[in-house]
S.K.: 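To start, I am sharing the structure in question, which I have written as structure tokens.
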Amino acid sequence: MTSRTKLILLLPVASLLAACSEPKAPGASLVDVAQAAARQTDRVSVEELAGWIIEGRQDFEIVDVRSATDFDSGHIGEARNVPVAAIVSDETLASLPTDRKIVVYSNGSENGAKAATLLRVAGLDAHVVSGGYNAWHARILNPEISAAELDGESLQ
């Protein structure tokens, strides 16, 4: 078989494959996401998040990926509730900002990290709250305050 014949036979196959392939998503590559996770640049500590809220920063949106029941029993600041199973639905993705960070949390870090990873692959600047709501509750809402720091006054 000549080179010309091979080319003639392969051209329709290549055209067909090109037409059938999905367009490349605008999101981050899996390598980029993995490197951010390894460097831990995709994380926000609860102390850092508390500082952002106190400062009144407007460059982020908080998303709680826990169940509606957990969300109703307590959540961080002005968080919106989007269960992790719905995080990459077309409706959710369309409603999330593309010009600000998305700070995601669950009870611990696991589901929040999954949601943040999915959002990063979808092209959004997503970060996970290290320790999630459990860390927020323990270190921000109910910190251990020593008797010396209380200066003789009761917390109540």
Side-chain angles (χ1 to χ4, degrees), residues 6-145:
K6 287 179 187 177
L7 181 63
I8 292 172
L9 291 175
L10 289 176
L11 191 57
V13 172
S15 298
L16 183 60
L17 288 174
C20 293
S21 68
E22 301 259 341
K24 187 168 171 132
S29 75
L30 292 178
V31 171
D32 294 338
V33 172
Q35 288 176 348
R39 289 189 309 268
Q40 298 185 359
T41 56
D42 62 343
R43 299 180 189 174
V44 176
S45 72
V46 292
E47 293 83 7
E48 186 176 17
L49 180 58
W52 293 354
I53 293 169
I54 290 167
E55 292 169 10
R57 286 180 45 175
Q58 301 293 311
D59 63 340
F60 66 96
E61 181 169 327
I62 306 172
V63 177
D64 183 323
V65 297
R66 300 176 302 153
S67 69
T69 303
D70 285 345
F71 180 81
D72 290 341
S73 69
H75 55 271
I76 299 174
E78 299 296 319
R80 68 188 261 196
N81 184 228
V82 180
V84 71
I87 199 71
V88 290
S89 71
D90 290 340
E91 183 180 331
T92 298
L93 290 175
S95 71
L96 292 170
T98 57
D99 60 341
R100 296 183 286 153
K101 289 180 186 128
I102 300 168
V103 179
V104 182
Y105 71 93
S106 59
N107 280 325
S109 297
E110 184 178 349
N111 284 335
K114 290 174 186 176
T117 298
L118 290 169
L119 292 173
R120 289 178 70 85
V121 169
L124 299 170
D125 184 16
H127 302 265
V128 63
V129 175
S130 296
Y133 189 76
N134 294 341
W136 180 265
H137 190 269
R139 298 202 310 259
I140 304 300
L141 299 181
N142 298 298
E144 291 287 327
I145 301 175

S.K.: Which heavy atom of V46 sits nearest a heavy atom of G132, and at what distance?
M.R.: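 Heavy atoms of V46 and G132 come nearest at CG1-O, 4.0 Å.
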
S.K.: Applying side-chain contact (heavy atoms from CB on, under 4.5 Å) to I76 and D64, what does each step give before you reach the verdict?
M.R.: CA-CA 8 Å; I76 299 174; D64 183 323; over 6 Å; no

S.K.: For D90, enumerate each residue passing the salt bridge (Lys or Arg N to Asp or Glu O under 4.0 Å) test, keeping only those at least two apart in sequence or located in another chain.
M.R.: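 Result, salt bridge (Lys or Arg N to Asp or Glu O under 4.0 Å) vs D90: none returned.
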
S.K.: Counting only N and O atoms by type, is there a donor-acceptor contact under 3.5 Å from the side chain of N107 to the main-chain atoms of Y133?
M.R.: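 Here the side-chain-to-backbone pair does not exist.
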
S.K.: Any side-chain heavy atom of I62 sitting closer than 4.5 Å to one from R80?
M.R.: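 I62 vs R80: side chains apart.
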
S.K.: So do V104 and I102 actually touch side chain to side chain, heavy atoms under 4.5 Å?
M.R.: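 They are in contact (side-chain heavy atoms under 4.5 Å apart), so the answer is yes.
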
S.K.: Checking side chain to side chain donor-acceptor pair (under 3.5 Å) for the pair T92/S95: CA distance, chi angles, key distance, verdict?
M.R.: CA-CA 5 Å; T92 298; S95 71; 5.2 Å; no

S.K.: As an exercise, state the distance from NZ of K101 to CG of L49, rounded to the nearest 0.5 Å.
M.R.: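 If we round to the nearest 0.5 Å, K101:NZ and L49:CG are 10.5 Å apart.
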
S.K.: Might you point out which heavy atoms bring A126 and L119 nearest each other, and give the distance in Å?
M.R.: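 Heavy-atom minimum between the residues: CB-CB, 3.7 Å.
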
S.K.: Using the side-chain contact (heavy atoms from CB on, under 4.5 Å) criterion, which residues pair with R100? Sequence neighbours excluded.
M.R.: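 For R100, the residues satisfying side-chain contact (heavy atoms from CB on, under 4.5 Å) (neighbours in sequence not counted) are E61, P97.
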
S.K.: Determine the minimum heavy-atom distance between I53 and F60, stating which atoms define it.
M.R.: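 Residues I53 and F60, closest heavy atoms: CG1-CZ, 4.1 Å.
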
S.K.: Minimum heavy-atom separation for V65 to S106, with atom names?
M.R.: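 Smallest interatomic distance, heavy atoms only, reads CG2-CB, 3.8 Å.
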
S.K.: Looking at every non-hydrogen atom in both residues, tell me the closest pair between R66 and D70 and how far apart they are.
M.R.: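 Smallest interatomic distance, heavy atoms only, reads NH2-O, 3.4 Å.
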
S.K.: Do side-chain atoms of Q58 reach the backbone of G56 as a donor and acceptor pair under 3.5 angstrom?
M.R.: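 Yes: the side chain of Q58 pairs with the backbone of G56.
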
S.K.: Distance from S45 atom OG to W136 atom CH2, nearest 0.5 Å?
M.R.: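 These two atoms lie 10.0 Å from each other.
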
S.K.: Quick one: which of L124, L118, V121 gives a side-chain contact (heavy atoms from CB on, under 4.5 Å) with V88?
M.R.: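 Testing V88 for a side-chain contact (heavy atoms from CB on, under 4.5 Å) against L124, L118, V121 leaves exactly one candidate, L118.
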
S.K.: For a 4.5 angstrom cut-off between non-hydrogen side-chain atoms, does Y105 reach H75?
M.R.: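 Yes; the side chains approach each other to less than 4.5 Å.
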
